[in-house]
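Each remark here refers to the structure printed beneath this line.
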2 protein chains.
Amino acid sequence: MSRRRITIRDVAERADVSISTVSHAFSGGRPISSATKDRITRAAAELGYEPNPSARSLRTGRSGIVGLILRPRFALAGTSDRAETFNRLVGSVATEALRRKTGLIHVPDIDDPRAAKVPMDGCIVAHPYSGDRVLTEVLHRRIPVVTVEEDPQRPELPWAVRLDYPPVVTRLLDHLREQHASDVMLLTGTESNAWNVRTRESYRAWCEHNGVPVRIDELSEGLTHGEAAQLIGPLLAAPDRPDAIVVATSDFAALIAKLAATQGVRVPEELMIASLTDSEHSRTAEPAITAMDLNHESLAKEAVELMLARIDDAAEPEQPVVISPVLHLRASTQRPRH
Amino acid sequence: MSRRRITIRDVAERADVSISTVSHAFSGGRPISSATKDRITRAAAELGYEPNPSARSLRTGRSGIVGLILRPRFALAGTSDRAETFNRLVGSVATEALRRKTGLIHVPDIDDPRAAKVPMDGCIVAHPYSGDRVLTEVLHRRIPVVTVEEDPQRPELPWAVRLDYPPVVTRLLDHLREQHASDVMLLTGTESNAWNVRTRESYRAWCEHNGVPVRIDELSEGLTHGEAAQLIGPLLAAPDRPDAIVVATSDFAALIAKLAATQGVRVPEELMIASLTDSEHSRTAEPAITAMDLNHESLAKEAVELMLARIDDAAEPEQPVVISPVLHLRASTQRPRH
DNA sequence: ACAGTGAGTCAAAACGTTTTGACTGCCGTA
DNA sequence: TACGGCAGTCAAAACGTTTTGACTCACTGT
């Protein structure tokens, strides 16, 4: 029922020229008399001709499409904090790609043989794990890649945009100390991405520099709120409860605030809370929670720009692009004046 | 420097077979002796061979990629209410596509000649305008399309998933009346998508059915908050101020709540507010605002499913898939008992 | 002994472009 | 008059797959 696709051949026939002439008329590769060009344009319009992108990119070796791979697959993991991160990053990258008239494609799991293979000129890999398998695969296939946040095991890749954590983490910890916190605990995530690795390092360095003991515990990103509550409850009741907690994800931060309220621990008077990710949870918790915003919009914008430059054979940059996270100080760490 | 791409030819040569044999070994089109298959697999692995997706889809006529077009281009428009809608929808569609091992591509403006053309087996068009230009173009090119929300001028397209507004809008208006609203005003958007069109119809029908006067005003989605405030301020101060306002976008709803507070109009006692979209604005406004949630996650899931079925040559459905919006009743419309 | 069958392989023909070399007139210049 | 060059066009060769028809064996059943 549905007729054959219209090809350049149909257009050529209708305009009574050769197919190469049609091609030239569109791409401007060679001069074409305006009369002929008119006929071709008309024929193409009448037929509803659109060049076949696969044929074109097979021939030219370019698809005009940029791939996007998020590590971990935030959304599939499913907590709402992750969903917000995922959505914000994906949305920003999509917006930026669209603005640049580039197709953006979400790449199905690249080493799943059942997954569709997609043509892409390059690929953005966001938040790789340490020694990330998928990143390895992409590099192995010689696909031009730009990373958002570096793979901690491969910090040397110059085509990257990364976040500069130390100053911001230091600022946060200094702030807590100014607010008279004396025992700041870090509840870090368990995944091996740069966010966890670097913020932990920064915390350690700060402790050392200030001569205070390091107090780190891990809270897996995979935990349900119920499971996390089981772990956090005792901590809040313990005699050596810290007077400030910096927790990786904002939904767990909000959870801690809630548990504290339940257990009668006053925030921020007896316990300050801050998170290393910002989301609706931290913004709307009671009290609102101080948080570091990863600035996904800027990351996305720079990543797309870098990718396009790279595809366009720009020279390898000396340095990765560096973005600064944004610190939002909120009520959860502002002790009332006394 | 970077060597030629590895092709099926290289693999064939290395395994000392013909290229068709290699192809069959991978696709299983014909039986291949296990010895040969082994040699081929090994050769492919050693060479790091990956089939060229463009060549493959040129030949087969399938790319394994689904396109996504959002109308309007929410994110580019830029209000934060839109950004959330955009992000949520894009995120959900991406998640679902990934789960189904399909590539999902954001299609650059389809009638911009400068924009990259992309190979797609089908295309999801979300929230088309009335008589949408882009939808026309896609149909004209005979690309299989699934719409999220119908084009009001083309309600007959069966490959669609749509929202069932009337029951929910009716429920909302009934609720307002139960809360003793006697003068309910609708502040509708100006765009011609189904959301605006259908909710307006539902409101009209409800007014008629209940014998109350229709009171509709328009508030363009494009307005800045400053501009919107200029329009809303006088309305709240006017002697014939309604005692309930249903406003299309939730950010404007939150704005109204703020203006009401400034002008000393008590919510919900003197003025009830509800919105026809849910977002962080409505959830976290003071008081929290009753809102209709468009249930983007379900829309996305069904749309992807429908698209895949359509590509797979499933029979044309009798009816569009119908999703129900979710009504969140919140403080802004709950009058305290008296 | 022989047709029929199935496994295993190959060669060649698409798929729809872009690009290149070559051809034809024609104009301007030496 | 001869000649280089340019505008305008065409034919043919890629690009890297999948698919199909055909071929060769070996094996089966009669």
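Heavy-atom basis, side chains included; hydrogens, waters and symmetry copies ignored. Numbers restart at 1 for each chain; the letters A, B, ... are given by sequence-line order, proteins then strands.
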- Query: Is any side-chain N or O of Thr21(A) closer than 4.0 Å to OP1 or OP2 of dC10(D)?
  - Reply: yes

- For Ser130(B), the side chain to side chain donor-acceptor pair (under 3.5 Å) test, sequence neighbours excluded, returns Gln153(B)

- Query: side-chain contact (heavy atoms from CB on, under 4.5 Å) with Thr102(B): which residues, sequence neighbours excluded?
  - Reply: Val66(B), Arg100(B), Leu308(B)

- Mind checking side chain to side chain donor-acceptor pair (under 3.5 Å) for Ser18(A) and listing every partner two or more places apart, or none if nothing turns up? Ser20(A), Thr21(A)

- What residues, two or more places apart in sequence or in another chain, satisfy side chain to side chain donor-acceptor pair (under 3.5 Å) together with Glu137(A)? Arg141(A)

- Item | Partners meeting side-chain contact (heavy atoms from CB on, under 4.5 Å) with Glu191(B) (sequence neighbours left out) | Pro72(B), Arg82(B), Tyr129(B), Asn193(B), Asn196(B), Glu221(B)

- Task: For His296(A), enumerate each residue passing the side chain to side chain donor-acceptor pair (under 3.5 Å) test, keeping only those at least two apart in sequence or located in another chain.
- Result: none

- Determine which pairs satisfy ring-ring contact (aromatic ring centres under 6.0 Å, His included) with at least one residue from residues 143-163 of chain B, sequence neighbours left out, and list them in order. none

Considering only distance and modelled atom types, tabulate donor-acceptor pairs under 3.5 Å from the side chains of residues 55-62 of chain A, sequence neighbours left out.
unit_1: Ser57(A); atom_1: OG; unit_2: Pro53(A); atom_2: O; d: 3.0
unit_1: Ser57(A); atom_1: OG; unit_2: Ser54(A); atom_2: O; d: 3.4
unit_1: Ser57(A); atom_1: OG; unit_2: Ser54(B); atom_2: OG; d: 2.9
unit_1: Thr60(A); atom_1: OG1; unit_2: Arg56(A); atom_2: O; d: 3.0
unit_1: Thr60(A); atom_1: OG1; unit_2: Arg62(A); atom_2: N; d: 3.2
unit_1: Thr60(A); atom_1: OG1; unit_2: Arg62(A); atom_2: O; d: 3.3
unit_1: Arg62(A); atom_1: NH2; unit_2: Ile311(A); atom_2: O; d: 3.1

- Strand contacts (DNA chain C) in residues 31-42 of chain B, 4.0 angstrom heavy-atom criterion: Pro31(B), Ile32(B), Ser33(B), Thr36(B)

- Got a sec, which residues hit salt bridge (Lys or Arg N to Asp or Glu O under 4.0 Å) with Glu150(A), two or more places apart in sequence or on another chain? Arg162(A), Arg198(A)

- Query: What one-letter contact string describes nucleotides 15-20 of chain C from 5' to 3', where B marks a base within less than 4.0 Å of any protein heavy atom, S marks contact via sugar-phosphate atoms alone, and - marks no contact?
  - Reply: BBBBBB

- Query: Around Glu156(B), counting heavy atoms of other residues, nucleotides and ligands shown, do more than 12 lie under 6.0 Å from its CD?
  - Reply: yes

- Please report how far the helix from dA1(C)-dT30(D) to dA30(C)-dT1(D) bends, comparing the axis fitted to its first five pairs with the axis fitted to its last five, to the nearest 10 degrees. 50°

